[in-house]
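Scroll down for the structure; my scribbles are underneath it.
Counting starts at 1 for both ligands and their atoms, following the listed order. Position 1 is the first residue of the sequence, and the numbers go up from there.
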Amino acid sequence: MSWEANVRKVVPYTPGEQPGGKHIVKLNTNECPYPPAPAVEKMLKEESYEDLRLYPAPDAGNLVEALASYHGVKKEQVFAGVGSDDVISMAFLTFFNSSKPVFFPDVTYSFYPVWADVYKIPYETKMLDKDFRLVKEDYVTENGGIIIPNPNAPTGLLEPLENIEYIVKNNPESIVIIDEAYVDFAGEGASALPLISRYDNLLVIRTFSKSRALAGLRIGYAVGNERLIKFLNDVKYSINSYTLGRPSLLLGEASIKDDDYFKQTRDKIISTRERLKKDLSALGFTFGDSKSNFIFATHEKYRAKEIFEHLKIEGIYVRYFNSPRIDDHLRITVGTDEEADILVKALDKYMKEAGV
Ligand SMILES: *Cc1c(COP(=O)(O)O)cnc(C)c1O
């Protein structure tokens, strides 16, 4: 047991279940219910298997250029990684090196405290208000950095850009990271990207996993000013020069360039989300006005945990978090209209049988 004293011990993040089987309705990890863009399939078929013997471009050049052009920034302002989880983890390591605590909301992406722990970064959570809204004033006391998802997970709520700007502007001594995993579902004017040219302490992080239907490929990226991106790259090249493989680079670039398909599927998900809100309300669920691809709902009469367990028996997977303040909520991913029908029918049946 002598070596155990020097082991880095952590309590790991718990990802959502990835159940097997064909007849499952999977609404538990916010994946896209539609396939990736047709341009991705085409590229998958054309891709050279022989080239796999070669290392990929360490700077993820073509993908980074496609992203820069998509967002109207310079390629020196984009950093790509293996899912946004990898990019956020690199950003924690690069930018959060103070003895002062890093701030993030108490109800948020449960990976943040895990990264803080593994890198031994002190942190302090800031309580959302009773409606799960951010209290922006809480973020302007001394800190070692800030990370906020917008829209937030698992609440699905979008904070107005003025509140985000207030936090960025009043923290010139810290790096503020806005995790925009769900921003594509939030409509125009939601993203903090336009603020990047005015604030050198702002880093915006995005992913291909939700709105681009490429969770299986693992691509995420950060956009910020050139100095931030250079510092991120310095750390990346000090750990692993080749993070994204050749298939990811090629398929990711194809996805970015197929904008029509992207908009179509995004709009379909938004329309199913609005429909599902009506159906869930009719069943007596209450929830905030989600601007993401999931709904975070609770019911006055039925316990979330019991609904969760019952749905699972029916082959319908949603996400339940046994955590303070949210242990009577379900996070339900917006799937297709057909999946919404199956879910609503199962909920209706459950309530009728359970009575109350
Ligand atoms: C899903 C999610 C991520 C991670 O996404 P990947 O790109 O698949 O690693 C990051 N942040 C939030 C808030 C998420 O919900």
Side-chain angles (χ1 to χ4, degrees), residues 12-18 26-33 36 60 63 67 78-93 102-116 118 125 128 132 134 146-159 164 176-186 190-192 203-223 232 236 243-245 248-249 251-252 255-256 266 269 273 288 290-296 317-321 323 326 329-334:
Y13 172 74
T14 316
E17 284 179 86
Q18 292 293 350
K26 193 170 176 305
L27 306 175
N28 68 334
T29 52
N30 299 342
E31 287 140 326
C32 179
L63 175 65
L67 285 165
V78 179
F79 172 88
V82 187
S84 53
D85 285 344
D86 177 47
V87 178
I88 300 167
S89 144
M90 286 278 167
F92 267 57
L93 194 56
V102 165
F103 292 167
F104 45 83
D106 65 331
V107 176
T108 197
Y109 188 35
S110 51
F111 221 139
Y112 300 155
V114 178
W115 284 309
V118 74
T125 58
L128 299 174
F132 295 136
L134 203 77
I146 292 170
I147 181 161
I148 293 169
N150 199 34
N152 194 9
T155 66
L157 301 181
L158 179 77
E159 292 302 327
I164 299 297
V176 179
I177 301 175
I178 305 299
D179 179 356
E180 295 193 336
Y182 302 102
V183 83
D184 289 324
F185 305 106
S191 174
L203 191 73
V204 173
I205 297 183
R206 298 269 188 106
T207 176
F208 282 47
S209 298
K210 281 57 186 245
S211 55
R212 292 192 175 275
L214 286 171
L217 211 49
R218 312 300 300 130
I219 306 176
Y221 61 100
V223 187
L232 264 177
K236 176 195 118 158
T243 47
L244 285 160
S248 299
L249 294 177
L251 303 180
S255 165
I256 281 290
R266 177 201 62 191
I269 291 165
R273 177 186 75 202
S290 168
K291 295 290 177 192
S292 64
N293 68 336
F294 54 86
I295 296 171
F296 193 55
Y317 284 73
V318 298
R319 192 85 190 262
Y320 171 75
F321 299 95
S323 313
I326 58 170
H329 279 72
L330 296 174
R331 193 196 68 189
I332 304 166
T333 303
V334 176

Going by the order shown, which atoms of ligand 1 are within less than 4.0 Å of some heavy atom of [X]?
X	answer
K210	1 (C), 2 (C), 3 (C), 4 (C), 5 (O), 14 (C), 15 (O)
S209	6 (P), 7 (O), 8 (O)
G83	7 (O), 9 (O)
R218	6 (P), 8 (O), 9 (O)

**Request:** Report yes or no: does a heavy atom of N30 sit under 4.0 Å from some atom of ligand 1?
**Result:** no
**Asked** Any side-chain heavy atom of L203 sitting closer than 4.5 Å to one from L232?
**Response** yes
**Asked** Would you call P33 and K26 a side-chain contact if the rule is heavy atoms closer than 4.5 Å?
**Response** no
**Message:** Using ring pair (Phe, Tyr, Trp, His ring centres under 6.0 Å), reason through Y109 and F104 one step at a time and then give a plain yes or no.
**Reply:** CA-CA 9 Å; Y109 188 35; F104 45 83; over 10 Å; no
**Message:** Between R206 and R212, does the side chain to side chain contact (heavy atoms under 4.5 Å, CB included) criterion hold? Intermediate values first, please.
**Reply:** CA-CA 11 Å; R206 298 269 188 106; R212 292 192 175 275; over 6 Å; no
**Message:** To the nearest 0.5 Å, what is the distance between CG on L330 and CZ on F296?
**Reply:** 8.5 Å
Distance from [atom] to nearest protein heavy atom, with residue and atom:
atom	value
atom 4 (C) of ligand 1	D85 OD1, 3.1 Å
atom 5 (O) of ligand 1	S84 OG, 3.1 Å
atom 12 (C) of ligand 1	D179 OD2, 3.4 Å

**Message:** Under 3.5 Å between any N/O of Y112 and any N/O of ligand 1: does that happen in this structure?
**Reply:** no
**Request:** For atom 10 (C) of ligand 1, state which one of F294, Y182, Y109 supplies the nearest heavy atom.
**Result:** Y109
**Message:** I'd like to know if the side chain of D179 pairs up with that of Y112 as donor and acceptor (distance under 3.5 Å, no hydrogens or angles considered).
**Reply:** yes
**Message:** Side chains of K210 and T207: any donor to acceptor distance under 3.5 Å?
**Reply:** no
